[in-house]
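Throughout, a chain's letter reflects where its sequence line sits, starting with A, and its residues are numbered from 1.
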There are 2 protein chains.
Amino acid sequence: MPGVPESKSPTVYDVARQAEVSIATVSRVLRRPDKVAAATRERVMAAVQQLGYVPNASARGLAGRRTGVLGLLIPGHDLPATSDREDARTATGEVAFIDDRDGSAADPYRNRYFEQLVRGAEAAAWREGYALMVAAGRDMGREVVMHDLAGRVDGLAAVSRTVPDELLRTSIGRTPLVLVAGHSTADGDGADGGSEGADGTEGAAEIDGADGAVDGVGPRGAVGTTADAVRVDNRGGMRALVEHVLAVKPPGPVLYLAGPPDSPDAAGRAAGFRDAIGGDGAGSDGGTGRDGTSWSEALGDFTWQGGHDAVAAHLEQDTPAAVIAANDQSALGALAALREGGVDVPGTCVVTGFDGIDESRWSTPALTTVRQPMLDLGVRAVELLLRRIADPGAPSTELLLPVDVLLRHSCGPHR
Amino acid sequence: MPGVPESKSPTVYDVARQAEVSIATVSRVLRRPDKVAAATRERVMAAVQQLGYVPNASARGLAGRRTGVLGLLIPGHDLPATSDREDARTATGEVAFIDDRDGSAADPYRNRYFEQLVRGAEAAAWREGYALMVAAGRDMGREVVMHDLAGRVDGLAAVSRTVPDELLRTSIGRTPLVLVAGHSTADGDGADGGSEGADGTEGAAEIDGADGAVDGVGPRGAVGTTADAVRVDNRGGMRALVEHVLAVKPPGPVLYLAGPPDSPDAAGRAAGFRDAIGGDGAGSDGGTGRDGTSWSEALGDFTWQGGHDAVAAHLEQDTPAAVIAANDQSALGALAALREGGVDVPGTCVVTGFDGIDESRWSTPALTTVRQPMLDLGVRAVELLLRRIADPGAPSTELLLPVDVLLRHSCGPHR
DNA sequence: CTGAAAGCGCTTACAG
DNA sequence: CTGAAAGCGCTTACAG
């Protein structure tokens, strides 16, 4: 292969020499082909082909002051320990047999909630000519990951509460940032308090002190800077769902199975419930709705067990005609408690969830729920980020995405 | 905020000035802290903190001749058209109601098959100090994506047949490459022919002409270069599964529901079936196994419909005591055909699949199947890639990962 | 339409 | 242990 360097990648200089032009022209052909004479362009392209030239993204990023990469930070778990993954077998032909009649062999480490988000963001980014770099916040070293990411990208979309606001502030520096609605999925991560208005107003996200990176320990800045954000209409979705339930449920009282008090998602959904039920009792834990329906509230924690236990306890005093759960997992727990209590769903009592997780499709009966537009969330986050990058000084935007109600068997016939 | 530049990100020079050291020392503190005196190190770290310094990854990549990024190329679909995503509503409070009693509202664009792969690769990459950049091959512009990716990463893992080998060769240039086992999921993508031995030998993957980038059109190089590869033990998994089935199935003939002839996965699984059934007839489409079991083969195409139709047609002549399908989707189709034909599963006939897709858990009866270690596939691909990057001249490696058999109700009681 | 030249922000031998 | 200097491979005004 005469004249072709085997070991080293060709550079603009190699291409320029081969095409007998300057490196400026090579660059122009690659970036703004219309600015170059057709004949020259073809010579250069031929040289590019021949040499198998691939532009070095680092050099591009450095010279052009943009990386062409967007970052996405999502919650995530660490890998299962190697010993769990590998078992003892590595050789071919050793096959493990697993009794999975209960379906429990599904990977517990899987976090499906954000897969769609990633897909949406990824597609939108490439469509706009950006690559997407995804990082799942590890329990260990989130700051490291953040920091690392911040230096690699032109902008960062972060799922709310993936990292502490403090970290966002100091790590990100001047990197454009978009906050993406949090998640209601209970995931051991605990702290679900954060940037959304706890009253369900879902106000703009605030990052305090984003103005100064000088003092990392002093009092938070009095004037918070507002970041762009994309959220999901928790409140409107729950309102619509509950209005539907009130129209179709059997006569009798309603039980609202709430989420944890410190979750903004839970707060938004609770507000939607109150919007729909109306009447007195707003703010308290029970009352009579505007249509005369009597209702009460039980406290869940977004987990299956929490939902199960709360409903089981409630059943000892009363049998509801509807259980409105703040999320799917607790609704699934409620379903189990009702079954154990001999309550027919949806005949005697209808049940609804919120989130649209896979399990909601496969429960018996299948769960009526509100699906969050995770794909769109990703797309919008990228769009917002791009806007912010294009105009760093623009006023901050907050998008509230509409949701879908998925009608399934758990809320009975659809009159 | 006196002395703090608001608009421009601080560089090593700013840090050096603040800490009263040279930029070389700043760099050293960040990369090899042990090589710097403790006092100096602390001064520099303080300056880094104060200025909110974030290293520029492009500059690092350029100077250090490595990007610290690994690429992963997976098959993928484009985003649904905007009109499909957005509907007419954007305002809050507009909620769509969707009748999902049949569970069909699941996102058809979703490709779950690779989500685990990505997770495994992502986690492994970060663990090793690399970031991961994922690109889903778009129908349009795969080459563009590939090319773009190649310039951004230190190495690339590509799912087999995501892009044509030709493209791999010319686009990737000198970027280290690892091939990851293909997929058997029928996905409209069609061409499933490729790098695995069609006889089930699953030999090393060959990329022809990887030696020269000079001639993009001439005859393929006579000596193919072998790329590293990670594969899944299709053959061993199917063999183990079938041995189990032979032990538990009701008396009667076996039907092997094969995959498309041009699929290497299908070939590997078919080979595993023949290993297990033994006896004569190897290579033909039926015969008598070594234990006297009579068997025949029907051709499927990895789709539900293909499996359904093939089995429905078969039922007109014979009722099998076991249907071994080459993948889950066709097994699910087979299940439906058997139900329509009034054949009791697993009482009269047992059924098995291959892949471990979600739907296999939720079918009635739940499907016994072989689960591919997708998470591990991602982890191993990254490990192999890192090894290759560390030693470009090393002989190529091929890993064959063991699989799990998931025993569920479709193959009856487990004696 | 094209070229010469500066510069993007780091890392890394090489001296000392 | 620390600093001066070269250089990584591009892009982008600025001239012409």
Write down the distance between [atom1] ([X]) and [atom2] ([N]), rounded to a whole number of angstrom.
X      : N       : atom1 : atom2 : answer
R65(A) : dT11(D) : CZ    : P     : 12 Å
K35(B) : dT2(D)  : NZ    : P     : 13 Å
R60(A) : dG9(C)  : CZ    : C1'   : 18 Å
R32(B) : dT12(C) : CZ    : C1'   : 10 Å
L30(A) : dT11(D) : CG    : P     : 7 Å
R66(B) : dC8(D)  : CZ    : P     : 19 Å

Selection from [options] that lies nearest to any side-chain heavy atom of [X]:
X      : options                  : result
S22(B) : dG3(D), dA5(C), dG9(C)   : dG3(D)
T40(B) : dG9(C), dG7(C), dT2(D)   : dT2(D)
A59(A) : dC10(C), dC10(D), dG3(C) : dC10(D)
R31(B) : dT11(C), dG3(D), dG9(C)  : dT11(C)
A24(A) : dT11(D), dG3(C), dG7(D)  : dG3(C)

Which part of the nucleic acid, if any, lies within reach of A37(B) when heavy atoms closer than 4.0 Å are counted: base, sugar-phosphate only, or nothing?
sugar-phosphate

Side-chain donor or acceptor of R28(B) under 3.5 Å from a matching atom on the base of dG3(D)?
yes

